[in-house]
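Just so you know, these numbers come straight off a predicted model, no measurement behind them.
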Amino acid sequence: MNNRLYGNLIFELSQEGRRGYSLPRNNFGAYPIPQELCRQTEAALPECDELTVVRHYTNLSNNNFGVDTGFYPLGSCTMKYNPKINEEVAAMPQFQNLHPMQPAQTVRGAQAVIALLGRSLSELTGLPHFTFKPYAGAHGELTGLMTIDSYHREQGDLTRKKVIVPDSAHGTNPASAAVCGLEIVEVKSLADGTVDVEDLRRIVSEQGPQIAAMMMTNPNTLGLFETHIPEIAELIHGCGALMYYDGANLNPMLGACRPGDMGFDVMHVNLHKTFSTPHGGGGPGAGPVGVREGLQHLLPAVSPYHGNFGVMMRAYAYILSLGRDHVKEVGALATLNANYIKESLKDVYELPIDTLCCHEFVFDGLKDKSTGVTTMDVAKRLLDYGYHAPTIYFPLLFHESLMIEPTENESKETLDEFIAVMRQIADEAQTNPDLLKTAPHTTPIGRVDDVLAAKQPIVTYKQMSNGNN
């Protein structure tokens, strides 16, 4: 590949006076721009011909990784295949060209889609009322916690400002609670990875009148089904608090069980995860919030408009494509695929909790720790084999966490190929550990200093006076 076009910034391909466009003759005359709106110096923009620009960005895009290019086992993110029919529906001009400021009478069709999606989510979750204002999962968490806070205020109970969160929870849980002005109380996990009900019982006994809610993900972040939900819900409701369901791991639950039936009062749904919308790198997303009967009037208006409508369209198309019967297969196949990988690799990768998992599971690095090869090394080496790495160093319960989620879409052949590569990497750790410690070797950029990149990121381009950048 031509490294000049592939390995350089677009600014470095710039040639003074080079143009990739021509503008039509000005037939409208000159209209002066107010001086206060004018630049004092010209914008430092690259000057390139069209072909250079096309080749440069095409080459960059070919290096991007997504679910359309390969297996993407990113735990907790549910990077499932996004059916192309979803894209076709969302791209229909009647939907794509809508504007949020249009008169209501001109968007009745879009409103009907949102209402139908709400009915579908209610069927799947067991919660009868949904708001589509939140723009993402964390935004949905904030919306749900605001609803819970309003509930207690309406009850005249202003002392409930604590939220119980398991030590295996997603980081957004405590962050959302903090933004909502609430305080986090951590409940411990047992050796089997599930919530320690006795520790929870102690917390409720000591701080019950101050507890506003408990936030839970089920299956939890370790991919394990929390079997004590009825008992937990009884404890939380018994002290006057509410149950919040983090919908990040809803995928394996589809068609199997519903949060509303378990005793959860409020939940958010990550449409972009469970219902197949392209996402990653910060978006796009949608985090509708569902509540039980009696809480719907407390849902806050966190946005003047409905959230990302294109995400909703894709989600509804996905639900319609599966239908009532086939949606029940999603969770079962996701669970089957995850357990197949887990059982095939647990002899060479450390499995701290050896039990049936749901949609994902967590290894604690390689089984043989004597090589000095870390989870980071394994993840970097996977890039050489053309795989996106799983989630690493999360959850924080294990020192060398490696979280793998295959989703329901992957074939046995794809899973077998991934298993073979993971076993090959385990062998390399024994025979040539330096190969892993210096990986990746085939990517455009080798291993970077992660700490330095985080502390001193270079996010802008600056042309130096001596010609160096």
Side-chain angles (χ1 to χ4, degrees), residues 1-70 72 79 82 84 87 90-91 93 96-97 99-101 135-136 277-285 308 310 376 379-389 438-469:
M1 183 176 289
N2 188 329
N3 201 51
R4 186 182 76 85
L5 294 176
Y6 183 71
N8 295 79
L9 300 175
I10 190 66
F11 288 93
E12 295 168 323
L13 301 177
S14 178
Q15 298 291 326
E16 187 174 355
R18 192 69 56 84
R19 295 287 183 270
Y21 64 90
S22 63
L23 297 177
R25 184 187 301 274
N26 179 7
N27 295 318
F28 300 99
Y31 295 88
I33 299 175
Q35 189 62 33
E36 64 270 18
L37 299 180
C38 292
R39 288 178 173 272
Q40 301 304 309
T41 58
E42 289 192 15
L45 300 176
E47 299 178 79
C48 300
D49 59 273
E50 181 177 330
L51 187 55
T52 295
V53 172
V54 169
R55 286 174 175 168
H56 174 70
Y57 285 107
T58 299
N59 287 328
L60 286 180
S61 70
N62 288 337
N63 192 51
N64 194 32
F65 201 100
V67 291
D68 285 355
T69 62
Y72 209 127
M79 304 296 286
N82 314 129
K84 297 302 168 276
E87 303 302 313
Q96 189 179 51
N97 296 332
H99 191 281
M101 297 299 288
Y135 280 84
T277 285
H279 69 283
N308 292 313
M376 176 67 79
K380 295 293 187 182
R381 184 60 175 150
L382 270 170
L383 303 180
D384 287 331
Y385 287 99
Y387 288 97
H388 192 286
T438 55
H441 304 282
T442 62
T443 53
I445 298 175
R447 187 173 298 208
V448 299
D449 186 326
D450 294 330
V451 176
L452 184 64
K455 289 186 174 181
Q456 300 178 27
I458 301 173
V459 294
T460 58
Y461 176 83
K462 184 178 182 181
Q463 184 76 35
M464 302 300 183
S465 57
N466 62 1
N468 296 322
N469 302 320

Side chain to side chain, R381 and P440, heavy atoms closer than 4.5 Å: no
Partners meeting ring pair (Phe, Tyr, Trp, His ring centres under 6.0 Å) with Y387 (sequence neighbours left out): F418
Non-hydrogen atoms of T438 and H441 that approach each other most closely: OG1-CE1, 2.9 Å
Student check: side-chain heavy atoms of R18 and L13 closer than 4.5 Å: no
Whether T58 side chain and R55 backbone form a donor-acceptor pair below 3.5 Å: no
For P278 against P284, the heavy-atom pair lying closest together: O-CD, 3.3 Å
A90 to G310 - nearest heavy-atom pair and separation: CB-O, 4.0 Å
Can I get a per-line list of side-chain donor-acceptor pairs under 3.5 Å for residues 30-47, giving both atom names and the distance, sequence neighbours left out?
residue	atom	partner	partner atom	Å
Y31	OH	F28	O	3.3
E47	OE1	G17	N	3.1
E47	OE1	R19	NH1	2.7

Side-chain heavy-atom pair Q15, T52 within 4.5 angstrom cut-off: no
Sidechain N-carboxylate O distance under 4.0 Å for D449, K455: no
Considering all heavy atoms, the nearest D450-M376 contact: OD2-CE, 3.3 Å
Point-to-point distance, once rounded to the nearest 0.5 Å, from CD1 of I10 to NE2 of H56: 4.5 Å
F65 side chain near L383 side chain, heavy-atom distance below 4.5 Å: no
Greater than 12 external heavy atoms within 6.0 Å of I445's CD1: no
Where N26 and G29 come nearest, the two heavy atoms and their spacing: ND2-O, 3.1 Å
Considering all heavy atoms, the nearest P457-A454 contact: CD-O, 3.6 Å
